[in-house]
Amino acid sequence: VIAELKKSGWHTIEQSFEADTPEGKMQFSNLIARYDPSDSRSTWGRPVQGIIASHIDSKILPNFLGADDAASWVATTLALAEHLHRKQKNAARQLELVFFDGEEAIGENMVYGRDGLYGSIHYSRAVQSSVSQRTSPYKKAPNFGIVLDMIGHRNLNIKIPSDTPKKLRKSYDITRKKLKLENHFRHASGAILDDHVPMNEIARIPTLDLIGDFSSSAWWHTPQDNLDLISRDSLEMSILVTLGIIADQIKL
């Protein structure tokens, strides 16, 4: 991932940390990227408007590939990074890409603050600390965040959580209607526990979770989450919706 981002002018840092888990202390490492093909030194000293994020780890299960959860997001982000480098350099400079480690629970089920979301919790605390002390790289909190998760499956079924911040819900609705993708991008009836929660609650960055409806997916966390599940059309739709929300939020 680091090597691919570098090809498109994105500089990376690794945010390594240790966390308590049900299996004892474990090491994790988030990957953070910012864009500036001319100068890597100034990249980390300036503010950004938005965060594009999700997790890079997969659930530890027998015969589990994790093609959609979470490889589809990683591939999509690399495609986004290349596109922004070629077509929208001004937008790229206003974004930070974050690959969270440790989103998946070590045990069977995720419990907020006890198991799972390790990377997003650590990252959100670092942002909050930087903002409160007015130190680089977050002298002010970014204006918005977008979390992507399970966005490449066939018969794409995305449902954003009911507690999505109003301004991001508006951008999402504008974009899905403009692209005529309402059948694939919809609204969940309730809240969802994912990486957007600590970003909203700890970092205080209004964040949208663009997530596949795993509750009705027979392939979720099974060996069926393999390359046969992945659709080029689904990946393209997810990229277009993400770009549309970014454009609406930073007013390109």
Side-chain angles (χ1 to χ4, degrees), residues 5 8-13 30-40 42-54 73-74 76-100 120 123-124 126-128 130-131 134 136-149 151 158 160-161 163-181 185 194-196 198-211 235-252:
L5 288 169
S8 300
W10 293 82
H11 305 282
T12 56
I13 57 173
N30 296 329
L31 181 65
I32 304 172
R34 287 193 180 184
Y35 179 78
D36 194 332
S38 61
D39 186 3
S40 63
S42 65
T43 304
W44 304 102
R46 56 177 168 78
V48 293
Q49 287 201 49
I51 308 294
I52 311 300
S54 196
W73 133 257
V74 178
T76 297
T77 303
L78 294 177
L80 278 169
E82 183 183 9
H83 168 81
L84 292 166
H85 167 63
R86 291 187 292 106
K87 301 289 187 178
Q88 295 179 273
K89 288 180 169 59
N90 289 336
R93 289 187 175 91
Q94 298 177 66
L95 296 172
E96 179 170 278
L97 309 179
V98 187
F99 301 78
F100 295 130
S120 54
Y123 172 83
S124 297
V127 172
Q128 191 277 333
S130 181
V131 170
R134 300 186 66 82
S136 295
Y138 310 103
K139 293 183 180 179
K140 64 183 291 290
N143 297 329
F144 71 95
I146 303 172
V147 168
L148 306 174
D149 201 355
I151 56 171
I158 301 292
I160 66 168
D163 57 353
T164 300
K166 182 182 290 187
K167 71 171 188 174
L168 284 157
R169 179 184 294 269
K170 182 178 179 181
S171 289
Y172 173 77
D173 286 336
I174 289 171
T175 301
R176 70 191 185 108
K177 289 175 182 176
K178 181 179 180 180
L179 297 172
K180 298 180 180 179
L181 294 175
F185 293 83
D194 200 17
D195 285 317
H196 67 293
M199 290 182 68
N200 277 311
E201 295 185 358
I202 300 174
R204 301 296 182 184
I205 301 171
T207 301
L208 166 91
D209 191 26
L210 208 65
I211 185 170
L235 292 170
E236 182 177 3
M237 285 188 283
S238 297
I239 288 173
L240 290 173
V241 169
T242 303
L243 286 170
I245 296 170
I246 291 171
D248 191 60
Q249 286 294 309
I250 62 179
K251 305 303 179 186
L252 294 175

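From a predicted model like this one, the values you see are computed outputs, not experimental measurements.
For the atom pair CG (Asn143) and CD (Gln94), the distance works out to 9.5 Å, reported to the nearest 0.5 Å. The CD atom of Gln49 sits 8.0 Å away from atom CG of Leu95, with the distance rounded to the nearest 0.5 Å. Distance check, rounded to the nearest 0.5 Å: CG of Leu210 to OH of Tyr172 gives 6.0 Å. Put simply, NE2 on His85 and CG on Leu5 are 11.5 Å apart, with the number rounded to the nearest 0.5 Å. Between atom CG of residue Asn30 and atom OG1 of residue Thr12 there is a gap of 12.5 Å, rounded to the nearest 0.5 Å. A distance of 13.0 Å separates OG1 of Thr164 from NZ of Lys166, quoted to the nearest 0.5 Å.
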task = Take Glu96 and Tyr138 through the test side chain to side chain donor-acceptor pair (under 3.5 Å) and record every step on the way to the result.
result = CA-CA 11 Å; Glu96 179 170 278; Tyr138 310 103; 2.7 Å; yes

(Q) Would Arg34 and Val48 count as a side-chain contact (heavy atoms from CB on, under 4.5 Å) here? Give the steps. (A) CA-CA 9 Å; Arg34 287 193 180 184; Val48 293; 3.8 Å; yes

Please walk me through it: do Thr77 and Phe99 pass side-chain contact (heavy atoms from CB on, under 4.5 Å)?
CA-CA 9 Å; Thr77 303; Phe99 301 78; 3.7 Å; yes

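The neighbour count for Lys170 NZ, taken as heavy atoms of other residues, nucleotides or ligands under 6.0 Å away, does not exceed 12. The 12-atom threshold is exceeded at NZ of Lys167, counting heavy atoms of other residues, nucleotides or ligands nearer than 6.0 Å.
A donor-acceptor contact shorter than 3.5 Å is absent between the side chain of Ser238 and the backbone of Glu236. Looking only at distances, a side-chain donor or acceptor of Trp10 sits under 3.5 Å from a matching main-chain atom of Ala81. At distances below 3.5 Å, not a single donor-acceptor pair connects side-chain atoms of Glu82 with backbone N or O atoms of Leu78. Checked by atom type and distance alone, the side chain of Thr175 pairs as donor or acceptor with a backbone atom of Ser171 at under 3.5 Å. A side-chain donor-acceptor contact under 3.5 Å links Arg46 to the backbone of Arg93. Remark: side-chain polar atoms of Arg176 are paired, donor with acceptor, to backbone N or O of Phe185 under 3.5 angstrom. Using modelled atom types, one side-chain atom of Asn200 and one backbone atom of Thr207 make a donor-acceptor pair closer than 3.5 Å. Judged by distance alone, the side chain of Asp194 and the main-chain N or O of His196 form no donor-acceptor pair under 3.5 Å.
Between Ser120 and Asp195 the shortest heavy-atom distance is OG-OD1, 2.7 Å. Residues Ala53 and Phe100 share a closest heavy-atom pair of CB-CE1, 3.6 Å. Nearest heavy atoms, Ala203 versus Gln128: CA-CB, 4.4 Å. Nearest approach of Thr242 to Ile146, heavy atoms of both residues: O-CD1, 4.3 Å. Closest heavy-atom contact between Ser130 and Pro137: OG-N, 3.8 Å. Considering every non-hydrogen atom in both Pro161 and Asp209, the closest pair reads CD-O, 3.4 Å.
A 4.5 Å side-chain heavy-atom check between Val147 and Met199 finds at least one atom pair inside the cut-off. Residues Leu243 and His83 form a side-chain contact, since some pair of their non-hydrogen atoms from C-beta on lies under 4.5 Å apart. Side-chain contact between Ile32 and Tyr123 is present, with at least one heavy-atom pair separated by less than 4.5 Å. With a 4.5 Å cut-off on side-chain heavy atoms, Trp44 and Ile13 count as touching. Taking the side chain as every heavy atom from C-beta outward, Ile246 and Ile52 approach each other to under 4.5 Å. With contacts defined as side-chain heavy-atom distances shorter than 4.5 Å, the pair Val131/Lys139 does not qualify. In this structure the side chain of Ile51 never reaches within 4.5 angstrom of the side chain of Phe144, judged on heavy atoms. Contact annotation: the side chain of Val98 never approaches that of Leu31 to less than 4.5 Å [non-hydrogen atoms, C-beta and beyond].
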